[in-house]
Enquirer: 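A single structure is presented below for examination.
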Amino acid sequence: MLSPQDNVWMAKALHLAERGLYTTSPNPRVGCVLVRDDKIVGEGWHQYAGEPHAEVHALRAAGEAARGATAYVTLEPCSHQGRTPPCADALIGAGVTRVVTAMQDPNPQVAGQGIEKLRAAGIEVECGLMEIAARELNIGFFSRMTCGLPWLRSKIAMSLDGRTALNNGKSQWITGVAARQDVQHWRGRSCATLTGIGTVLADDPQLNVRELELGASEIKAIRQPLRAVLDSQLQLPLTARILCGGNVVVYTAAPDLQKMAALEKLGVRVVVLPDTYGRVDLIAMLRDLSAHGCNEVLVEAGSILNGALLQAGLVDELVLYMAPQLLGDSARGMAQLGELIMLDQRVELEWQDVRNVGKDLRIVARVNHI
């Protein structure tokens with residue numbers, strides 16, 4: 001039976017899991033706390049994919065004190081052999097007598113099997129404590145495992161009247177320095193950044209994470225996100241800054257073999273995914289990103305791509321940076337949705353968070369897919 005003190009220890013485990021926010025992908029962010037006689041005897045979090053999981057770090061810290069302890073884990077301990085041994089076996093071998101986990105692992109390779117293995121070994125298991133917080137922390141991993149699609153988050157900088165650029169395309173800078181620095185955190189936690197060829201041709205962005213702006217002291221080597229470009233006609237210049245540093249994928253609908261060979265020579269992965277209209281198949285593109293381990297994808301694009309993704313029902317969340325200024329009705333909007341003739345065609349949102357970031361306002365809103 002759960003007690004108020006169980007909440008305290010699970011909150012600690014969740015706090016530990018957050019320390020892997022920028023580094024664990026494609027694995028989930030997981031924290032573990034070992035408690036014996038109302039004292040923490042070991043703790044840990046999953047730091048990097050391919051390295052020991054949270055439970056292993058906690059058990060190593062506890063040593064013999066783990067015997068008879070309760071383990072608080074933010075995700076069901078794994079039961080299968082991956083790049084590391086099963087954590088359920090490690091907990092059993094260490095003599096832990098009780099495991100409290102926030103949620104069942106959505107990974108079909110685990111999905112309750114870790115809990116069953118622990119119970120079969122005589123360990124008391126309770127699941128579901130602070131599940132909402134645990135799921136939020138791994139919202140992209142949960143989406144990839146249950147839907148086969150990454151969590152798609154679109155970042156848009158705009159004026160108070162919803163304009164993202166002047167009619168001539170100039171947009172640097174609508175928002176202030178603090179907002180632009182804040183974006184680094186969203187990039188840092190994302191497995192990929194996605195943009196369209198229009199944005200590349202207009203702004204020539206790099207879409208990488210800049211360490212000084214991120215300011216994450218615990219990260220020994222920032223994991224740069226994959227940079228994805230949607231380029232239906234393969235117009236991407238070979239001199240584009242986004243190609244610097246590698247780790248780039250280009251999705252196109254035009255199999256230009258010569259241009260593809262030139263891009264591949266630069267280390268770019270080129271994927272041809274045409275739909276019936278000669279454009280890139282958006283769902284197929286996201287499924288490809290998912291298949292390559294992308295949990296969270298950050299869209300940094302213009303109104304055309306944002307509109308297409310919203311119309312297709314593929315955007316899960318908007319991160320809007322709103323500057324206290326007006327650009328007028330001739331300036332460009334945030335998403336081309338076409339003319340709506342019925343109110344039930346509108347995109348409905350649910351507010352998640354509203355706060356000041358420097359002189360700007362940051363709004364996080366979820367798209368209501370129901």
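Keep in mind that what you see is a predicted model, and the values were worked out from it rather than measured.
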Enquirer: Indicate every side-chain donor-acceptor pair of residues 35-42 with a distance under 3.5 Å to a residue at least two apart or in another chain.
Expert:
from: Arg36; atom 1: NH1; to: Ala65; atom 2: O; distance (Å): 3.4
from: Arg36; atom 1: NH1; to: Arg67; atom 2: O; distance (Å): 3.1

Enquirer: Could you check Ile115 against Asp105 for side chain to side chain contact (heavy atoms under 4.5 Å, CB included), going step by step and ending with a plain yes or no?
Expert: CA-CA 10 Å; Ile115 292 173; Asp105 194 332; over 6 Å; no
Enquirer: Between Thr74 and Thr101, is there a side-chain heavy-atom distance shorter than 4.5 Å?
Expert: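 Side-chain contact under 4.5 Å: no.
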Enquirer: Using the test salt bridge (charged side-chain N to carboxylate O under 4.0 Å, His left out), find all partners of Glu76 that sit at least two apart in sequence or belong to another chain.
Expert: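 In terms of salt bridge (charged side-chain N to carboxylate O under 4.0 Å, His left out), with neighbours along the sequence ignored, Glu76 is linked to no residue.
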Enquirer: If a pair satisfies side-chain hydrogen bond (donor to acceptor under 3.5 Å, both in side chains) and one of its residues is in residues 225-239, list it, with sequence neighbours excluded.
Expert: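 Those involving residues 225-239 do not exist here.
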Enquirer: For Glu131, check side chain to side chain donor-acceptor pair (under 3.5 Å) against everything at least two apart and list the hits.
Expert: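 Glu131 satisfies side chain to side chain donor-acceptor pair (under 3.5 Å) with Arg135 once adjacent residues are dropped.
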Enquirer: At their closest point, which heavy atom of Asn295 faces which heavy atom of Pro26, and how far apart are they?
Expert: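 It is ND2-O, 3.0 Å.
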Enquirer: Can you tell me how far the OG atom of Ser290 sits from the CD1 atom of Ile283, to the nearest 0.5 Å?
Expert: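 Output value for this atom pair is 13.0 Å.
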Enquirer: Walk me through it: do Glu124 and Arg119 pass the test salt bridge (charged side-chain N to carboxylate O under 4.0 Å, His left out)?
Expert: CA-CA 6 Å; Glu124 178 188 352; Arg119 285 175 173 160; over 6 Å; no
Enquirer: With the side chain counted from C-beta on, respond yes when Val110 and Gln104 share a heavy-atom pair under 4.5 Å apart, and no when they do not.
Expert: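 No; the side chains remain at least 4.5 Å from each other.
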Enquirer: Run Trp173 and Arg180 through side chain to side chain contact (heavy atoms under 4.5 Å, CB included) and show every step you take.
Expert: CA-CA 9 Å; Trp173 299 99; Arg180 298 198 297 275; 3.2 Å; yes
Enquirer: Check side chain to side chain donor-acceptor pair (under 3.5 Å) between Gln336 and all other residues, then give those that pass, not counting sequence neighbours.
Expert: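 Gln336 satisfies side chain to side chain donor-acceptor pair (under 3.5 Å) with Ser303 only.
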Enquirer: Any side-chain donor-acceptor pair under 3.5 Å between Asp182 and Tyr321?
Expert: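 Their side chains do contain a donor-acceptor pair, which is all the 3.5 Å distance test asks for.
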Enquirer: Check side-chain contact (heavy atoms from CB on, under 4.5 Å) between Ser159 and all other residues, then give those that pass, not counting sequence neighbours.
Expert: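 Partners of Ser159 under the side-chain contact (heavy atoms from CB on, under 4.5 Å) test: Asp161, Arg163, Gln325, Leu327.
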Enquirer: Provide the closest heavy-atom pair for Met334 versus Asn306 in the form atom of the first, atom of the second, distance.
Expert: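 Nearest pair, atom of Met334 first, then Asn306: O-CB, 3.6 Å.
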Enquirer: Fit a plane to each ring of His46 and His53, take the angle between them on a 0 to 90° scale, and name the class: parallel (under 30°), tilted (30 to 60°) or perpendicular (over 60°).
Expert: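 Taking His53 first and then His46, their aromatic rings stand perpendicular (interplane angle over 60°).
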Enquirer: Enumerate, atom names and distances included, each donor-acceptor pair closer than 3.5 Å involving a side-chain atom of residues 262-271, sequence neighbours excluded.
Expert:
from: Arg269; atom 1: NH1; to: Asp288; atom 2: OD2; distance (Å): 3.2
from: Arg269; atom 1: NH2; to: Asp288; atom 2: OD2; distance (Å): 2.8

Enquirer: Do Leu238 and Val229 land in one hydrophobic cluster if side-chain heavy atoms of ILVMFWY residues count as linked below 4.5 Å?
Expert: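 Both belong to a single hydrophobic cluster.
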Enquirer: Let me check something: do Val249 and Met260 share a hydrophobic cluster, defined by ILVMFWY side-chain heavy atoms less than 4.5 Å apart, either directly or through other members?
Expert: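 In one cluster: no.
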Enquirer: Of all residues at least two apart in sequence or in a different chain, which pass the salt bridge (charged side-chain N to carboxylate O under 4.0 Å, His left out) check with Asp353?
Expert: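 By the salt bridge (charged side-chain N to carboxylate O under 4.0 Å, His left out) rule, Asp353 matches Arg355, Arg362.
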Enquirer: Show me the pairs that pass salt bridge (charged side-chain N to carboxylate O under 4.0 Å, His left out) and involve residues 2-14, at least two apart or across chains.
Expert: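 Applying salt bridge (charged side-chain N to carboxylate O under 4.0 Å, His left out) to every pair that reaches into residues 2-14, excluding sequence neighbours, yields Asp6-Arg98, Lys12-Glu43.
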Enquirer: Does the side chain of Cys87 reach to within under 4.5 Å of the side chain of Cys78, using non-hydrogen atoms?
Expert: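 The answer is yes; the side chains approach within 4.5 Å.
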Enquirer: Taking the side chain as everything from C-beta on, heavy atoms only, tell me whether Glu300 gets closer than 4.5 Å to Arg187.
Expert: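 Answer yes - side chains close enough.
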Enquirer: Asn138: which residues meet the side chain to side chain donor-acceptor pair (under 3.5 Å) condition with it, sequence neighbours left out?
Expert: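 For Asn138 there are no side chain to side chain donor-acceptor pair (under 3.5 Å) partners, ignoring immediate neighbours.
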Enquirer: For the pair Arg29 and Glu296, find out whether any cationic side-chain nitrogen is under 4.0 Å from an anionic carboxylate oxygen.
Expert: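 So Arg29 pairs with Glu296 through a salt bridge.
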Enquirer: Say whether, by atom type as modelled, one donor and one acceptor occur between the side chain of Asp204 and the main chain of Arg241 under 3.5 angstrom.
Expert: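 Checking the backbone N and O of Arg241 against the side chain of Asp204, a donor-acceptor pair under 3.5 Å is found.
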Enquirer: Of the non-hydrogen atoms in Phe141 and Pro106, which two are nearest, and what is the gap between them?
Expert: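 Nearest pair, atom of Phe141 first, then Pro106: CE2-CG, 3.9 Å.
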Enquirer: Can you list every pair that meets salt bridge (charged side-chain N to carboxylate O under 4.0 Å, His left out) and has a residue in residues 313-322, with sequence neighbours left out?
Expert: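 Every salt bridge (charged side-chain N to carboxylate O under 4.0 Å, His left out) pair that includes a residue of residues 313-322, provided the two are not neighbours, is Arg153-Glu317, Glu317-Arg366.
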Enquirer: Under the rule for salt bridge (charged side-chain N to carboxylate O under 4.0 Å, His left out), what residues qualify as partners of Asp89, not counting sequence neighbours?
Expert: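 Asp89 satisfies salt bridge (charged side-chain N to carboxylate O under 4.0 Å, His left out) with Lys117 only.
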